Amino acid sequence: MRRVVARFEIPYRQLLAADGRLVDGSAPVEHPAAALRTRLHAMLRARLFDARAVALQRAGQLGTYASALGQEAVAVGVAAAMADDDVLVPSFREHGAQLWRGVRMRELFLYWGGDERGCDYEGPREDLPVCIPVGSQAPHAAGVALAFQLRGEARAAVCLLGDGATSKGDFYEALNVAGVWRLPVVYVVTNNAWAISVPRRAQSAAETLAQKAIAAGVPGEQVDGNDVLAVEQVVREALARAREGNGPTLVEALTYRLADHTTSDDARRYRDESEIAAHRAEDPIERLRRHLETTGALAADELAAFEAACREEVEREARAYLATPPQPAASIFDSVYARWPEALEAQRIACVARAAPDA
Amino acid sequence: MRRVVARFEIPYRQLLAADGRLVDGSAPVEHPAAALRTRLHAMLRARLFDARAVALQRAGQLGTYASALGQEAVAVGVAAAMADDDVLVPSFREHGAQLWRGVRMRELFLYWGGDERGCDYEGPREDLPVCIPVGSQAPHAAGVALAFQLRGEARAAVCLLGDGATSKGDFYEALNVAGVWRLPVVYVVTNNAWAISVPRRAQSAAETLAQKAIAAGVPGEQVDGNDVLAVEQVVREALARAREGNGPTLVEALTYRLADHTTSDDARRYRDESEIAAHRAEDPIERLRRHLETTGALAADELAAFEAACREEVEREARAYLATPPQPAASIFDSVYARWPEALEAQRIACVARAAPDA
Amino acid sequence: MPEPARAMAVAEAGDATVEPVERTMVEAIRLALGRAMAEDERVLLFGEDVGRNGGVFRATEGLQARFGAARVRDTPLSEAMLVGLAVGLAAQDMRPVAEIQFAGFGYAALDQLANHASRMRNRTRGRIACPMVLRMPYGGGIRAPEHHSESPEALFAHLPGLRVVVPSSPARAYGLLLAAIADPDPVVFLEPKRLYRASKEPVADDGRALPLDRCSTLREGRDVTLVSWGASLVETLAAADRLADEGFEAEVLDVATLKPLDLDAIVASVARSGRCVIVHEAKRSVGVGAEIAAGLAEQALDRLLAPIERVTGWDTIVPFPRLEDHDLPSTPRIVDAARRTLDHV
Amino acid sequence: MPEPARAMAVAEAGDATVEPVERTMVEAIRLALGRAMAEDERVLLFGEDVGRNGGVFRATEGLQARFGAARVRDTPLSEAMLVGLAVGLAAQDMRPVAEIQFAGFGYAALDQLANHASRMRNRTRGRIACPMVLRMPYGGGIRAPEHHSESPEALFAHLPGLRVVVPSSPARAYGLLLAAIADPDPVVFLEPKRLYRASKEPVADDGRALPLDRCSTLREGRDVTLVSWGASLVETLAAADRLADEGFEAEVLDVATLKPLDLDAIVASVARSGRCVIVHEAKRSVGVGAEIAAGLAEQALDRLLAPIERVTGWDTIVPFPRLEDHDLPSTPRIVDAARRTLDHV
Ligand SMILES: Cc1ncc(C[n+]2csc(CCOP(=O)(O)OP(=O)(O)O)c2C)c(N)n1
Ligand SMILES: Cc1ncc(C[n+]2csc(CCOP(=O)(O)OP(=O)(O)O)c2C)c(N)n1
Ligand SMILES: [Mg+2]
Ligand SMILES: [Mg+2]
């Protein structure tokens with residue numbers, strides 16, 4: 001005897017077509033035009049930051065940097081869906097979300113410039129810093145969410161990961177515990193088609209990454225990751241469920257990494273230019289701009305004005321970054337422990353003595 | 001716009017009802033009566049071994065031991081489905097499978113008695129030994145399967161894990177790589193409802209554990225784990241797919257741990273006697289016995305005769321175990337490396353000197 | 001950090017009216033956990049089987065009934081997740097106390113410890129801290145199956161940003177665990193499971209923490225310094241007795257905090273005795289014993305009258321139970337080593 | 001073990017006709033990998049991005065084109081799985097060579113190394129072995145982002161059953177990697193990435209392995225012994241130069257195999273010089289330097305004329321790039337330490 005004991009479906013959401021028009025059957029976009037423009041601006045701001053960071057790196061003024069070119073809709077859509085007192089648990093390619101949430105550009109520059117102070121965000125004090133070891137931030141988000149649940153707070157954690165991260169045990173383990181404890185957390189996978197040189201299809205035989213949610217018994221949903229409005233809508237709904245005590249959600253946002261993996265990478269080694277070209281047509285900024293133009297919500301010179309303002313901010317922040325003197329040598333001891341242990345004090349003294357200008 | 005992009009189903013298989021009759025709609029069992037009796041015998045043999053091991057432990061003659069009482073159908077069904085040159089990658093509660101495959105009882109006693117020689121199986125030389133760190137054997141099975149695939153051998157690996165193990169990253173990671181490389185491996189989860197004191201529902205919100213396969217894009221199937229014939233059938237089909245290059249399968253076998261977790265555990269601390277009683281009625285040995293009796297395939301005294309033979313084997317093997325002198329002290333150095341490093345030779349000498357009777 | 005939603009009781013610093021009662025180490029640990037939970041609502045316990053089952057060694061017995069299943073919770077089976085969860089909780093100003101059932105299963109959590117718990121404070125310049133305690137029964141001598149008798153303290157002690165603490169008696173377990181939970185940084189708290197029920201001593205539930213980062217002297221003596229921690233102190237103290245029979249006074253130090261190491265105390269003792277035997281169950285190469293010996297070779301060389309001796313587990317895999325005694329530092333091995341230092345001319 | 005289905009070419013033991021060519025370390029590693037694959041069909045390479053991309057440091061460049069995607073394969077992103085996979089492959093008599101992209105991501109694989117790779121042989125009494133190599137670029141000095149500059153060798157060197165090997169030059173990388181692949185036991189092969197392209201030296205593709213478990217003397221001298229491995233040897237040799245300018249002859253030892261440690265060679269040198277400075281990038285506490293110092297304090301105490309010095313990374317989190325130079329052992333720090341040993345009276 002053979003019978004079916006469980007059935008599952010993975011839905012896919014899209015609101016805006018590539019040409020900016022509402023996709024057939026989509027509900028009209030609920031945001032007022034001003035809100036839509038805010039999202040457009042945020043994506044543009046992230047992109048301009050990104051370009052400046054790459055330029056700084058090329059000029060030898062920044063360390064290795066991971067560009068998010070083309071992925072702005074995921075970061076901005078997610079951040080726009082969050083409440084201020086939610087907590088972001090990012091990976092390393094989500095400055096779009098971090099900037100929206102109030103991380104300053106100079107902080108991000110400092111971080112990628114190799115200075116710990118870049119993680120000491122003045123704005124979102126509770127957001128976790130960038131996470132480099134792929135996927136390892138996933139359980140942190142569950143822990144943050146558990147704290148909210150225990151304190152009875154109507155807050156949620158949002159964890160961002162890449163497609164490559166979905167192969168890591170941490171991801172499954174975290175999603176599983178979040179599921180069984182119904183934690184208020186949303187996991188968003190930015191499926192940008194590549195994990196350095198490893199294409200998505202070589203990462204997993206799963207038809208979608210959203211279906212990894214099924215392993216944890218939680219809802220999984222795919223969304224067009226170049227459609228900032230769809231991303232926001234899906235994450236907003238997931239956050240609402242989370243805050244109401246209905247547990248976590250896994251969202252897979254389909255987008256594309258237009259840039260090299262990082263400034264240390266040369267993607268031409270492993271992928272065809274033609275593939276990239278096809279994806280350029282899906283540019284999320286272009287898509288929302290078209291939508292706004294079509295609906296008459298974007299004045300002719302507005303974008304240019306916004307861009308100019310952004311460029312000014314980027315330059316100002318880059319200058320502030322470049323003008324930031326390094327921390328003193330002794331600072332490497334300052335925050336290892338709440339108080340540097342007496343037993344290790346000799347090390348600090350030796351280091352400082354060596355670092356002294358006359359040493 | 002919202003549309004469904006992927007759909008999944010988890011099937012469930014059962015051939016024998018609890019009363020031993022064929023479940024409505026089941027195909028008639030394909031094995032000749034003799035083969036059915038072999039399976040009955042193997043389950044009984046495993047149970048008698050198990051009981052003796054527990055008794056030895058209670059008598060202070062064995063270390064901590066993990067009884068598989070009530071789970072014999074999974075171990076035997078899996079082993080019966082395997083070819084001799086397949087490789088078993090067990091967890092720690094599958095002596096039923098190990099015995100079927102030719103591991104000797106004295107070896108298992110030695111293992112649980114705290115002697116490494118218990119892992120040096122004379123029979124299935126390529127089978128991996130018992131694995132204690134839960135779930136960590138899962139990638140080994142993928143590695144074994146990759147070796148088969150690379151060498152073009154029509155062999156497969158079978159990995160056994162518990163329901164608790166499905167919460168471990170190793171499990172997902174291994175299933176994922178097996179899926180994407182279409183490795184010839186079958187993962188069988190013995191869902192015995194408990195992971196020590198943690199009930200299955202506290203382990204994951206997934207409705208079934210079989211659906212964890214969906215995360216890896218591989219087939220997942222549930223089977224009645226107290227029905228040795230159904231287990232064998234499902235695993236046999238999975239192995240056939242594996243050998244034909246069609247990749248891995250995840251099988252969830254539903255059974256129940258009638259015993260304490262190990263001899264160090266007291267399950268009355270965390271579960272009700274009433275729950276256990278209900279599961280006793282599902283005894284897999286009883287079920288197949290009834291089936292054979294109903295179909296007239298079991299002579300009246302046959303089981304008793306077999307039981308007597310088994311008891312004799314168990315006693316003989318227990319005696320052999322008890323008569324095995326411990327390894328010499330120096331043996332702790334013998335197999336750490338292929339050759340104990342010269343640089344560490346002083347340690348060996350010191351140990352041996354200390355262990356000498358007159359020391 | 002947000003103010004926790006509910007008011008948190010503040011610890012009374014030492015309640016001396018509480019009578020000391022004879023307790024085992026596992027009882028003392030349970031007592032400290034209960035105390036910490038009662039005093040600070042942010043403290044929560046989790047791990048495999050810590051709830052209704054009270055932990056496989058019963059260290060958390062009764063705590064779920066007392067504090068509820070929200071604060072004493074069984075987790076799904078994953079050690080890496082446990083520690084990752086603690087990192088997130090600690091980032092939210094909670095005080096997670098996680099249990100790993102046996103230290104041999106803690107290797108899987110090393111990534112979360114090394115890459116996150118130990119460095120969250122440093123990488124955020126103090127914006128986010130990681131006040132967590134990771135409890136792990138460790139060590140051999142209870143005839144447990146393979147993988148259940150590991151002594152991995154050296155791995156944790158190498159990692160910057162962590163504290164590594166090992167109690168050696170019920171009272172020290174109580175006081176050090178309270179200190180670990182109160183510490184603002186991550187502490188790996190290794191419990192010598194062989195001592196869980198080995199003996200009792202008076203322990204008062206007075207809420208008094210013992211100082212971290214400090215050795216303590218268990219026995220004074222001027223001829224040779226024996227340095228150890230955890231369960232090996234049993235054999236070390238027995239060795240001191242035997243040496244006393246032979247007319248030698250051995251000083252016995254309990255290191256207690258393995259990282260950061262109170263080298264000054266060890267140097268002070270060895271400066272007096274001129275001889276040092278370091279004893280640990282853990283494998284010898286690159287063990288914590290090596291760090292102690294190296295420290296002495298740096299800071300007390302001129303006072304050493306004999307080569308430093310280490311009595312440790314060999315650089316072998318921990319043997320299965322039948323031969324484990326050949327691996328564990330035994331009293332005769334310690335006495336032999338001490339005699340070698342005493343015989344050295 | 002089954003006979004591998006296809007015939008395996010057997011290595012020619014050293015083909016001296018091959019001309020040496022100036023090569024960088026990363027080229028030498030690539031050469032050794034290609035050689036091993038050509039000689040033994042059981043050797044296969046895998047890791048993240050090792051295929052078409054040729055590895056993020058290009059150590060496997062061209063090998064997929066040469067040996068096919070079956071034998072040079074990109075894995076899904078998981079370091080624990082990589083090592084677990086290698087354990088299974090090795091159990092089937094394959095010769096897996098796995099790459100972890102940066103050693104800081106190797107912590108996640110520690111469980112598979114400690115609980116499986118390192119002990120498969122022992123726990124099966126030799127029935128199943130684990131001849132695998134785990135390659136990991138490690139160490140700092142290339143201004144990489146956080147987590148990319150870790151030096152975790154001490155963790156691996158503490159684990160019984162493993163070999164830990166670190167090359168210090170292109171030719172040594174070639175010979176030691178061949179030896180590691182031929183070794184019947186698991187080897188953690190740590191590649192000092194700062195040296196990947198730092199310099200060239202003549203390397204002949206002669207298939208000759210260098211011996212494991214042996215220190216080598218890079219420079220002779222009788223006044224002080226400087227002991228190091230990997231990239232720090234650059235600063236150590238520079239320090240020897242400076243000391244020479246001051247009239248002191250420093251002997252420089254390259255430890256090369258950190259576990260098991262060739263202590264005899266170090267003792268022999270220190271017995272001559274009476275002075276020892278140990279240099280490593282890794283964090284100081286419970287590092288491999290401690291093991292060397294401890295070994296000397298045990299076996300060469302009477303020959304030591306000055307306290308042993310360690311010049312190491314501090315017990316801090318590896319700083320982000322802007323300050324990493326303050327953590328790395330610098331030539332001045334080494335010279336200072338050597339001078340202290342020379343000044344000691
Ligand atoms: C645990 C770990 N392994 C390897 C790396 C090196 N690495 C950095 S990013 C990356 C690929 C990540 O892919 P994905 O998760 O898809 O994120 P994306 O880079 O596409 O944003 C790898 C392998 C790492 N940072 N962490
Ligand atoms: C990694 C790891 N963590 C914890 C343990 C301790 N432990 C042994 S068995 C077990 C429960 C396993 O449950 P399950 O996988 O369902 O197997 P079962 O015992 O039911 O056969 C635990 C927690 C272990 N052996 N390994
Ligand atoms: Mg990606
Ligand atoms: Mg179970």
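A, B, ... follow the sequence lines: proteins, then strands. Residue 1 opens every chain. Just so it is clear, the model here is predicted, and its values are computed rather than measured.
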Exercise for the section: May I ask you to decide whether C:Asp185 forms a salt bridge with C:Arg121, counting only side-chain N to carboxylate O separations under 4.0 Å? Expected result: yes
Practice task
Take C:Arg272 and C:Glu251 through the test side-chain contact (heavy atoms from CB on, under 4.5 Å) and record every step on the way to the result.
Solution key: CA-CA 10 Å; C:Arg272 287 190 297 270; C:Glu251 183 143 301; 2.8 Å; yes
Handout entry: Partner chain D: residue of C:Gly104, C:Pro307, C:Gly313, C:Pro152 with the largest heavy-atom pair count (under 4.5 Å)
Key = C:Pro307
Completion exercise
Pair count under 4.5 Å, heavy atoms only, with chain C: among D:Arg123, D:Glu291, D:Arg284, highest is D:Glu291
Practice task
Would you indicate whether the side-chain heavy atoms of D:Asp262 and D:Asp213 approach each other to under 4.5 Å?
Solution key: no
Fill in the blank from the handout: Answer key: most heavy-atom pairs under 4.5 Å with chain D among C:Ala154, C:Ala282, C:Gly106 is C:Ala154
Problem - Any D:Ile100 side-chain heavy atom under 4.5 Å of D:Leu134 side chain - result: yes
Completion exercise
Cut-off 4.5 Å, heavy atoms of chain D, and the answer for C:Glu150 is side chain
Practice task
Mind running side-chain contact (heavy atoms from CB on, under 4.5 Å) on D:Glu48 and D:Thr75 for me, showing each step along the way?
Solution key: CA-CA 5 Å; D:Glu48 296 150 17; D:Thr75 57; 3.9 Å; yes
Exercise for the section: Find the one option among C:Leu301, C:Asp302, C:Val288 whose heavy-atom pairs under 4.5 Å with chain D are most numerous. Expected result: C:Leu301
Handout entry: Contact winner vs chain C - D:Ala108, D:Ala293, D:Pro319, D:Gly161, heavy-atom pairs under 4.5 Å
Key = D:Ala108
Handout entry: Contacting region of D:Lys259 [heavy-atom separation from chain C under 4.5 Å]
Key = side chain
Problem - D:Ala300 portion near chain C, given a 4.5 angstrom heavy-atom threshold - result: neither
Handout entry: Best-contacting candidate, D:Val286, D:Asp111, D:Leu258, against chain C by heavy atom pairs under 4.5 angstrom
Key = D:Val286
Fill in the blank from the handout: Under 4.5 Å to a heavy atom of chain D? For C:Glu298 that would be both
Exercise for the section: Kindly compute the distance separating NE2 (D:His147) from CD1 (D:Ile317), expressed to the nearest 0.5 Å. Expected result: 9.0 Å
Practice task
Under 4.5 Å, counting heavy-atom pairs only, tell me which of D:Leu155, D:Leu159, D:Ile292, D:Leu296 racks up the most with chain C.
Solution key: D:Leu155
Practice task
State, with a plain yes or no, whether a side-chain heavy atom of C:Arg163 is found less than 4.5 Å away from one of C:Val188.
Solution key: no
Completion exercise
From the list D:Ala80, D:Gly287, D:Cys276, the residue making the most non-hydrogen contacts under 4.5 Å with chain C is D:Gly287
Completion exercise
Greatest number of non-hydrogen atom pairs under 4.5 angstrom with chain D, of C:Asn115, C:Asp315, C:Leu304, falls to C:Asn115
Practice task
Give the member of D:Lys283, D:Glu146, D:Arg310 that has the highest number of heavy-atom pairs under 4.5 Å with chain C.
Solution key: D:Arg310
Practice task
Test side-chain contact (heavy atoms from CB on, under 4.5 Å) on D:Val270 and D:Arg303 and set out the steps.
Solution key: CA-CA 7 Å; D:Val270 174; D:Arg303 316 300 290 265; 5.6 Å; no
Problem - Residue, of C:Glu79, C:His344, C:Gln299, that accumulates the most heavy atom pairs under 4.5 Å with chain D - result: C:His344
Problem - Under 4.5 Å from any heavy atom of chain C - which part of D:Thr316 - result: backbone
Problem - Which atoms of C:Asn122 approach chain D - backbone, side chain, both or neither, heavy atom under 4.5 Å - result: side chain
Practice task
Kindly indicate whether the side chain of C:Met120, heavy atoms from C-beta on, has any atom under 4.5 Å from the side chain of C:Val87.
Solution key: yes
Exercise for the section: Rounded to the nearest 0.5 Å, what's the gap from OG on D:Ser269 to CG on D:Asp264? Could you check? Expected result: 12.5 Å
Problem - Donor-acceptor side-chain pairing of C:Thr341 and C:Glu309 below 3.5 angstrom - result: no
